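Written out below as structure tokens is the structure these notes cover.
Chain letters run A, B, ... following the sequence lines, proteins first, then strands; residues in each count from 1. Not measured: the values here are computed from a predicted model.
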There are 2 protein chains.
Amino acid sequence: MSRELTPRQREIYDFIRDNITTNHLPPTIREIGEKFGMSSTNSVRDVLNALQRKGFIKRRAGISRGIELTHSHTEEYRTIPLVGRIAAGAPITAIENIEDSFAVDKTFVPSGDIFALRVQGDSMKDAGIYDGDFVMVKKQSSADRGDIVVAVIGDEATVKRFYPEKGRVRLEPENPDYGPIIIEKKLPQFYIAGKVVGLMRRM
Amino acid sequence: MSRELTPRQREIYDFIRDNITTNHLPPTIREIGEKFGMSSTNSVRDVLNALQRKGFIKRRAGISRGIELTHSHTEEYRTIPLVGRIAAGAPITAIENIEDSFAVDKTFVPSGDIFALRVQGDSMKDAGIYDGDFVMVKKQSSADRGDIVVAVIGDEATVKRFYPEKGRVRLEPENPDYGPIIIEKKLPQFYIAGKVVGLMRRM
DNA sequence: TAAAATACCGCACAAATAGGCAGTTGTCAA
DNA sequence: TTGACAACTGCCTATTTGTGCGGTATTTTA
């Protein structure tokens with residue numbers, strides 16, 4: 001279906017895309033024609049028809065500026081809640097706990113229930129996770145051995161490597177200055193909030 | 001200046017906003033009128049004038065669908081080009097070099113000319129920058145001492161710490177396994193592409 | 001209480017816009 | 001060499017759309 005574009009088609013497609021991002025508005029047929037020095041609206045129409053046939057754009061008949069990108073760069077992001085405090089018992093992404101939220105590219109995080117958390121301390125420094133980093137966490141109550149998880153103990157959330165052992169759980173930091181945390185499995189104030197699937201850092 | 005909106009104005013403002021997010025297109029004056037059962041375009045114009053005067057929208061005269069939201073809740077993210085190859089001479093973000101692009105929250109990267117680059121190798125491992133990470137780079141041709149920069153040498157881009165010295169530049173890795181790179185300043189095939197301002201990692 | 005703002009109607013007009021038909025030229029593959 | 005496709009010109013039409021002028025009635029503000 002979607003064959004390759006010719007240079008001309010690519011050029012015009014790019015112009016439409018840029019126009020949308022710059023002016024928040026798709027161009028009219030004549031605007032395209034003027035830009036590329038075409039004196040006939042039909043010249044543009046031919047190209048638009050080609051783009052539509054090849055599946056790159058959609059058009060809404062009779063509507064001004066009714067050009068829409070199919071491979072829409074418009075909705076490639078998700079909004080992820082940034083969790084402030086984490087308290088045992090309360091659901092993590094309860095509205096009361098959401099401090100902020102930000103946009104992340106869809107291809108960057110797996111689908112499903114994701115939240116973000118700000119890392120405190122440098123106990124995971126040798127895993128490249130630093131104080132102040134934001135980790136993207138996929139909500140799940142269990143994890144595989146060796147996964148980096150967000151564990152909640154009482155009212156504190158901590159990022160550590162997860163090692164299940166007989167009757168207990170070992171949470172291993174990635175920093176020789178810190179020792180492991182051992183949790184007896186029965187503890188009700190302990191649970192796994194999720195698995196770390198991504199990281200963002202401002203520098 | 002921007003006083004409160006009347007219920008009617010709020011209603012119409014919301015409709016415009018919803019229309020943009022749903023149809024990726026602002027409505028025409030008549031579309032608004034139809035929606036709210038107004039038979040005169042002037043009824044709509046009055047409200048639009050009020051919205052403009054109060055600073056909620058901007059209008060582009062003579063242009064169809066030329067309504068723009070000022071407090072744009074639509075644009076909390078930016079699209080950053082992911083640069084594939086980097087070749088000396090050619091402008092980095094030339095279309096030929098752009099491999100992909102992805103959305104990033106606006107609050108996450110500074111404004112200005114930003115591109116993303118995939119890190120190869122672990123020479124910056126002790127700065128928490130790992131093989132396969134994406135770094136966000138602010139385009140600039142110079143940097144401060146100690147900044148982490150993207151330097152282009154010939155056809156290769158490398159991420160290192162920047163130390164200007166007399167008549168030359170020292171690029172320092174953050175990994176004891178690697179030594180510094182020394183560049184004589186005159187070299188034309190060497191330049192600073194930008195400064196690393198952020199990092200993203202998939203895990 | 002007067003002035004300003006709000007929220008409408010109705011009509012008219014010009015510009016902007018999409019769409020259509022007929023034809024030309026060059027390229028490229030069957 | 002024929003035919004499909006790409007990329008155009010030119011001209012015409014119908015619809016869409018923004019804008020302008022002149023109104024009315026009610027509410028809010030100074």
Side-chain angles (χ1 to χ4, degrees), chain A residues 1-20 22-70, chain B residues 1-20 22-71 95:
Chain A
M1 192 261 256
S2 67
R3 283 170 293 167
E4 278 295 301
L5 294 187
T6 67
R8 191 51 154 180
Q9 289 166 4
R10 161 66 49 191
E11 201 173 30
I12 288 178
Y13 177 82
D14 285 348
F15 173 70
I16 296 169
R17 216 191 64 249
D18 291 350
N19 216 282
I20 292 174
T22 314
N23 303 331
H24 310 291
L25 215 54
T28 65
I29 290 180
R30 273 173 188 78
E31 281 169 4
I32 299 172
E34 273 161 40
K35 170 74 183 182
F36 292 97
M38 301 169 184
S39 61
S40 173
T41 55
N42 230 16
S43 314
V44 180
R45 255 218 324 179
D46 282 346
V47 178
L48 292 185
N49 284 338
L51 286 174
Q52 187 165 24
R53 187 160 31 80
K54 292 182 179 179
F56 280 70
I57 61 170
K58 268 190 222 162
R59 299 193 62 198
R60 272 171 283 185
I63 280 184
S64 65
R65 304 178 186 274
I67 305 175
E68 206 180 336
L69 302 187
T70 327
Chain B
M1 191 260 259
S2 66
R3 280 172 295 165
E4 279 294 300
L5 294 187
T6 66
R8 192 49 154 181
Q9 290 166 3
R10 162 66 50 192
E11 201 173 29
I12 288 178
Y13 177 82
D14 286 347
F15 172 70
I16 296 169
R17 213 189 67 248
D18 292 350
N19 216 283
I20 291 174
T22 314
N23 303 332
H24 309 292
L25 214 55
T28 64
I29 290 180
R30 275 173 186 80
E31 280 169 5
I32 298 172
E34 275 162 38
K35 171 72 184 184
F36 293 96
M38 303 171 184
S39 60
S40 172
T41 55
N42 233 12
S43 315
V44 180
R45 254 214 329 176
D46 283 346
V47 178
L48 292 185
N49 284 339
L51 286 174
Q52 186 166 26
R53 188 160 30 79
K54 292 182 178 178
F56 281 70
I57 61 170
K58 268 190 222 165
R59 299 194 63 197
R60 270 170 286 184
I63 279 183
S64 65
R65 303 177 188 276
I67 304 174
E68 207 180 335
L69 301 188
T70 326
H71 316 300
I95 306 163

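- R8(A) comes within 4.0 angstrom of sugar-phosphate atoms only, judged by non-hydrogen atoms across all strands, and of no base.
- OP1 and OP2 of dA6(D) both lie 4.0 Å or more from every side-chain N or O belonging to T6(A).
- Nearest-nucleotide mapping onto DNA chain C: of E31(A) and N42(A), the residue sitting toward the 5' end is E31(A).
- No engagement by G33(A) is indicated, since no non-hydrogen atom pair under 4.0 Å with the nucleic acid exists.
- At whole-Å resolution of the value, CG in L48(B) and P in dA7(C) are 12 Å apart.
- OP1 or OP2 of dG18(D) has not a single side-chain nitrogen or oxygen of R30(B) nearer than 4.0 Å.
- With values rounded to the nearest 0.5 angstrom, E68(A) atom CD is found 8.0 Å from N23(B) atom CG.
- As rounded to whole Å, 15 Å separates atom C1' of dT17(C) from atom CG of N19(A).
- The phosphate of dG18(D) has neither OP1 nor OP2 within less than 4.0 Å of any side-chain N or O from T41(B).
- Nucleic acid contact class of A61(A) (heavy atoms, under 4.0 Å, all strands): sugar-phosphate only.
- Note: I32(A) CD1 to I16(A) CD1 = 4.0 Å, rounded to the nearest 0.5 Å.
- Counting non-hydrogen atoms under 4.0 angstrom, S39(A) reaches the backbone sugars and phosphates but no base.
- If you take CZ of R45(A) and C1' of dC12(D), they are 13 Å apart, rounded to a whole angstrom.
- The phosphate of dA6(D) has OP1 or OP2 within less than 4.0 Å of a side-chain N or O from R53(A).
- To the nearest angstrom, P of dT17(C) lies 16 Å from CZ of R60(A).
- Across the protein-nucleic acid pair, I29(B) atom CD1 and dT16(D) atom P stand 15 Å apart, rounded to whole Å.
- Remark: side-chain polar atoms of R65(B) are not paired, donor with acceptor, to backbone N or O of L25(A) under 3.5 angstrom.
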Item to check | side-chain contact (heavy atoms from CB on, under 4.5 Å) assessment of Q52(B) paired with L48(B) | outcome: CA-CA 6 Å; Q52(B) 186 166 26; L48(B) 292 185; over 6 Å; no

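- Picking from dG10(D), dT17(C), dA6(D) the nucleotide with the shortest atom distance to the side chain of T28(A) gives dT17(C).
- For M38(A) and dC11(D), the CE to P distance is 18 Å, given to the nearest whole Å.
- Between R59(A) and the phosphate of dA18(C), there is no side-chain N or O to OP1/OP2 separation shorter than 4.0 Å.
- Applying side chain to side chain contact (heavy atoms under 4.5 Å, CB included) to Y13(A) and the options I67(A), V47(A), L51(A) leaves one that passes, L51(A).
- When the side-chain nitrogen and oxygen atoms of S40(A) are compared with OP1 and OP2 of dG10(D), none of them lie within a distance under 4.0 Å.
- Nucleotide dA18(C) holds its P atom 7 Å from the CZ atom of R65(A), rounded to whole Å.
- To the nearest 0.5 Å, atoms NZ (K58(A)) and NE2 (H24(B)) are separated by 8.5 Å.
- As rounded to whole Å, 11 Å separates atom P of dG18(D) from atom CD1 of I16(B).
- Here Q9(B) reaches the OP1 or OP2 of dA7(C): one of its side-chain N or O atoms lies under 4.0 Å away.
- Side-chain N/O atoms of S43(B) include none lying less than 4.0 angstrom from OP1 or OP2 on dA7(C).
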